[in-house]
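What follows is one structure encoded as structure tokens, with my remarks underneath.
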Amino acid sequence: MFITATRAAARRAASHCRVSSRPCRSYHSYDHPAAEGPFGAAEEAILSAAYKHVPEHGFSALALGLGARDAGYLDISPSMLPDSTFNLVRYHLVIQRQGLAGTSRILFKDQQSLGLGARVAALTWARLLGNKDIVQHWQEALAVMAQPSHVPESLKELAQLSDEIWFLSGDTAVNPSWYSKRATLSMIYTTTELFMTNDHSPGFTETNKFLTRRLEEVQSAGGAVGAVGQWTGFTFQAAINVLRSKGVGI
């Protein structure tokens, strides 16, 4: 019933795009409509300033305090933000996801012949490279995201990232595979992102190889639909166990 409803919604959306003079995107934009912004004005000012300090100080109260000062607020200002450390992590997730639209235009401008799978791989890798300047702090960020109160929002952002990658890659199918493809990509992305935190190879070449192998395994398993079951065992708890084995306090 839910799939039937989403198909109907997609058809109505497509019909509206044909008759409306307003610019329209495909089903993706109706599933995740553009919002005014995930952060308020003061919060945006502090977080954007604090984000510049993350490479040196991590996703920390110190980075937030320095950001507040840079933005012209008192050092105490970050304490007024709910879940301030998590929101600094979330700020990274949001701006990196939003930046993929511009990245896709650059990546695919002169490569119109690229297949859907190649586009998904290229955008997934581009997003992973968005972590390169803060990767030394990402295990701690994952620990913050894995806290029970933050898991729902973290999973929501992961789902939106997977959806964005498929959409920007040109996926327009509205059928049961819509869900399985995004679930599979989410699992591949999270395992590769965790692998990247321990990769010291030049240019993260080992992470790139890891990502390529995971995507090839999905294809050899008969496509995204057939591979979902192989990845459902990976959860935030698995990530927590890995982080604990590395001595990260959770």
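Rounding to the nearest 0.5 Å places CE of Met145 at 5.0 Å from CG of Leu93. Atom CZ of Phe195 sits about 6.5 Å away from atom CZ of Arg213, to the nearest 0.5 Å. Atoms OG1 and CZ, on Thr192 and Arg127 in that order, are 12.0 Å from each other to the nearest 0.5 Å. Remark: Glu56 CD to Leu66 CG distance equals 8.5 Å, nearest 0.5 Å. Rounded to the nearest 0.5 Å, atoms NZ (Lys132) and CE (Met196) are 8.5 Å apart. Between the OG1 atom of Thr124 and the CG atom of Leu211 there is a distance of 6.0 Å, given to the nearest 0.5 Å.
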field: Chi angles and distances behind the side chain to side chain contact (heavy atoms under 4.5 Å, CB included) call for Phe204, Leu128
entry: CA-CA 10 Å; Phe204 300 103; Leu128 286 164; over 6 Å; no
query: Stepwise, does the side chain to side chain contact (heavy atoms under 4.5 Å, CB included) test hold for Trp166 with Leu123?
result: CA-CA 9 Å; Trp166 278 105; Leu123 278 178; over 6 Å; no
- prompt: Please walk me through it: do Asp171 and Ser169 pass side chain to side chain donor-acceptor pair (under 3.5 Å)?
  reply: CA-CA 6 Å; Asp171 178 51; Ser169 298; over 6 Å; no
field: side chain to side chain contact (heavy atoms under 4.5 Å, CB included) assessment of Gln147 paired with Phe86
entry: CA-CA 10 Å; Gln147 293 177 12; Phe86 172 68; over 6 Å; no
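Judged purely by atom type and a 3.5 angstrom limit, Arg182 uses its side chain to pair as donor or acceptor with the backbone of Trp178. Side chain of Gln136 to main chain of Pro55: a donor-acceptor pair is present (N/O by atom type, distance under 3.5 Å, no hydrogens or angles). A donor-acceptor pair is defined here as one N or O able to donate and one able to accept, closer than 3.5 Å; no such pair exists between the side chain of Trp138 and the backbone of Asn131. Although no hydrogens or angles enter the test, the distance criterion places no donor-acceptor pair under 3.5 Å between the side chain of His53 and the main chain of Leu62. Put simply, the side chain of Ser162 never gets that close to the backbone of Ala159: no donor and acceptor are under 3.5 Å apart. Judged purely by atom type and a 3.5 angstrom limit, Ser201 uses its side chain to pair as donor or acceptor with the backbone of Glu206.
The minimum heavy-atom distance between Phe108 and Leu168, with the atom names listed, is CE1-O, 4.0 Å. In terms of heavy-atom proximity, Arg119 sits nearest to Leu114 at NE-O, 3.2 Å. Closest of all the heavy-atom pairs between Gln96 and Gly130 is OE1-CA, 3.3 Å. When all heavy atoms are compared, the tightest approach of Tyr73 to Ala45 is CE1-CB, 4.2 Å. Nearest heavy atoms, Leu88 versus Gly58: CD2-O, 4.4 Å. Considering all non-hydrogen atoms of both residues, Pro38 and Val94 come closest at CG-CG1, 3.9 Å.
Taking the six-membered ring where tryptophan is involved, the planes of Tyr91 and Tyr51 are perpendicular, since the angle between them exceeds 60° and thus also 30°.
Ion pairing between Arg90 and Glu157 fails under the 4.0 Å rule for side-chain N and carboxylate O. Classification of Arg214 and Glu217 as a salt-bridged pair holds, one side-chain N sitting under 4.0 Å from a carboxylate O.
Contact annotation: the side chain of Val89 never approaches that of His150 to less than 4.5 Å [non-hydrogen atoms, C-beta and beyond].
Cluster membership check: Leu107 shares its hydrophobic cluster with Val120, using side-chain heavy-atom separations under 4.5 Å among Ile, Leu, Val, Met, Phe, Trp and Tyr. A single hydrophobic cluster is seen to contain both Leu100 and Ile188, as judged by linkage of ILVMFWY side chains at heavy-atom distances under 4.5 Å, directly or through other members.
The only option from Asn87, Leu47, Val54 that meets the side chain to side chain contact (heavy atoms under 4.5 Å, CB included) definition with Leu64 turns out to be Leu47.
With no hydrogens or angles considered, a side-chain donor-acceptor pair links Asn175 and Ser177 at under 3.5 Å.
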